[in-house]
Amino acid sequence: APPQYAFPGAAAACARTAWKPENTNVYLKCGGIFAGMTSIVSQIKVCLKMALDAGVHLVLPTIPLRDSTDLTNFNFFNGSANMDFDRWFDEAHLRDAMARACPQLKIRKIADFQGLGDASTELAAAAAAAAESGEKMAVAHEWNFDINTAPGLKLLAGYFWVGRPFRTWFEHELLRERFLSHSTPKTPAAAAAPGATIINIVSQFLVFRITDDATGRELALWNDLSAMVRFNEATRAITTKVEARIDQPYIGVHFRVEKDNIWSSYDDQLKQDLDALDKLWTRYGGAGSGAAKENKQQQQQQQGAHGLKKPLVYLACGDEEQIKGFEAAAALRGWNVTSKYDIVKNDAETLRQLKELPFDFQGAVDLGIMLKSWFFVGITGSAFSSTVANLRDSTGRYRGSSLQFPDDDHARTHLFNDGDAAAYACCL
Ligand SMILES: *[C@@H]1O[C@H](CO)[C@@H](O)[C@H](O)[C@H]1NC(C)=O
Ligand SMILES: *[C@@H]1O[C@H](CO)[C@@H](O)[C@H](O)[C@H]1NC(C)=O
């Protein structure tokens, strides 16, 4: 159980929002959430922020799990790959956090509504069970809001910001739909009549320009939303078991060379990673550095007081063949490389649990280990690397390379400019 954090950024955002009586039964049902694990988390945050900004409620989204073998198959149009929110994330944690930060915002599930369809058989079964128990809410309207109608929108480039609030566009759409359906509420009481209004909307990746807010309030909200979305206990437990077996300071490297690689080639990434390791060892590895101090007792046992031992390198990578290649090349430069598979190789039970996880959930294990690393090396073009870099920084955003700006408040992070995603800095 996490400490009872008050989520002040989210609470302040909630207090700034007008929760209008005529929107009492309006629920956002976010769709279009897919891709890699950290992109999905970012889109969940977009969904939560849309509801908070607009002062409406939330139907928890379903999310397709990508194919763990063919990583380019995101199963976007594959209903049977859809999984309910609680199969991805800790739903109780989100509900508990939101109840404290913003009790006005109601959270329901698809199965709580009558006739709210979904292609997944699992969800259909849950809906049928809820129908039997007679606790379902009627749906008065189901409307689709298309974010592409927002004037001047360019996808994946950041759009809504404090100078162009989501709420303004949303209220305009809502007013029009109500007018078209001749149900413009005359009084708040009439609007709050039984029956929900479901708004289907795409949770558009990178649509909010979080950092274009001089007050920092958007970022405070965004960082709180990061803390509301966490993985389920099974995934977290495996992360903890892997982490507990690392008995020394380590450098985390995100080696993004799996079969869906759209970034630099294997050879380029390998060379730049090894060069960075050597560079940061020259910078930080000297006597008196943090790594040297933390490592001291071990060195004394293993090598005597005068020999410095290079820290372990933990590779975040989902492809065991590629890990072996990196390991061999790194050994030539005196680096000892490990991975999640290697660390638990003598713990058959944990290894089995790890290998049974889908690719993206294995990525969640790596995410946890990267957060705890003494230094992190990744690439700007990857949402995973960029998310780790943001989470390691006390501001919640990557402030630039520690190799260039050593005054980093212990973020200890370096991202290579590789396939730069222009909107990650503002909007991820
Ligand atoms: C759809 O998803 C299911 C469940 O993940 C999977 O077994 C099936 O192969 C997928 N179908 C296609 C066409 O990818
Ligand atoms: C590399 O690190 C692993 C894990 O800490 C350790 O078991 C192994 O002995 C190390 N190998 C070398 C050559 O230092």
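Remember, it's 1-based here, ligands and their atoms both numbered in the order they're listed. The first residue of the sequence shown is numbered 1, and numbering continues consecutively from there. Please read all numbers here as calculations on a predicted model, not as lab measurements.
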Counting heavy atoms under 4.0 Å, the part of Asn73 that contacts ligand 1 is side chain
Any protein heavy atom lying closer than 4.0 Å to atom 11 (N) of ligand 1?
yes
Hey, is the main chain of Thr17 close enough, under 3.5 Å, to the side chain of Arg167 for a donor-acceptor pair?
no
Which residue supplies the protein heavy atom nearest to atom 8 (C) of ligand 1, what is that atom called, and how far is it?
Asn78 ND2, 3.7 Å
Which of the atoms of ligand 1 are close to Ser80, meaning less than 4.0 Å from one of its heavy atoms?
1 (C), 2 (O), 3 (C), 4 (C)
Evaluate the side chain to side chain contact (heavy atoms under 4.5 Å, CB included) criterion for residues Thr24 and Lys106: first the C-alpha distance (whole Å), next the side-chain angles of each, then the deciding distance (0.1 Å), finally the verdict.
CA-CA 9 Å; Thr24 299; Lys106 288 178 280 188; 3.6 Å; yes
With the threshold set at 4.0 Å, does a side-chain nitrogen-carboxylate oxygen contact exist between Asp418 and Arg256?
no
Per the side-chain contact (heavy atoms from CB on, under 4.5 Å) rule, which among Asn200, Leu174, Val202 passes with Phe145?
Leu174
Think Lys49 forms a cation-pi with Phe208, using NZ or CZ under 6.0 Å from the six-ring centre and within 45 degrees of its axis?
yes
Is atom 2 (O) of ligand 1 close to the protein, meaning a heavy atom under 4.0 Å from it?
yes
For ligand 1, does Asn75 get within less than 4.0 Å through its side chain, its backbone, both, or neither, judged by non-hydrogen atoms?
side chain
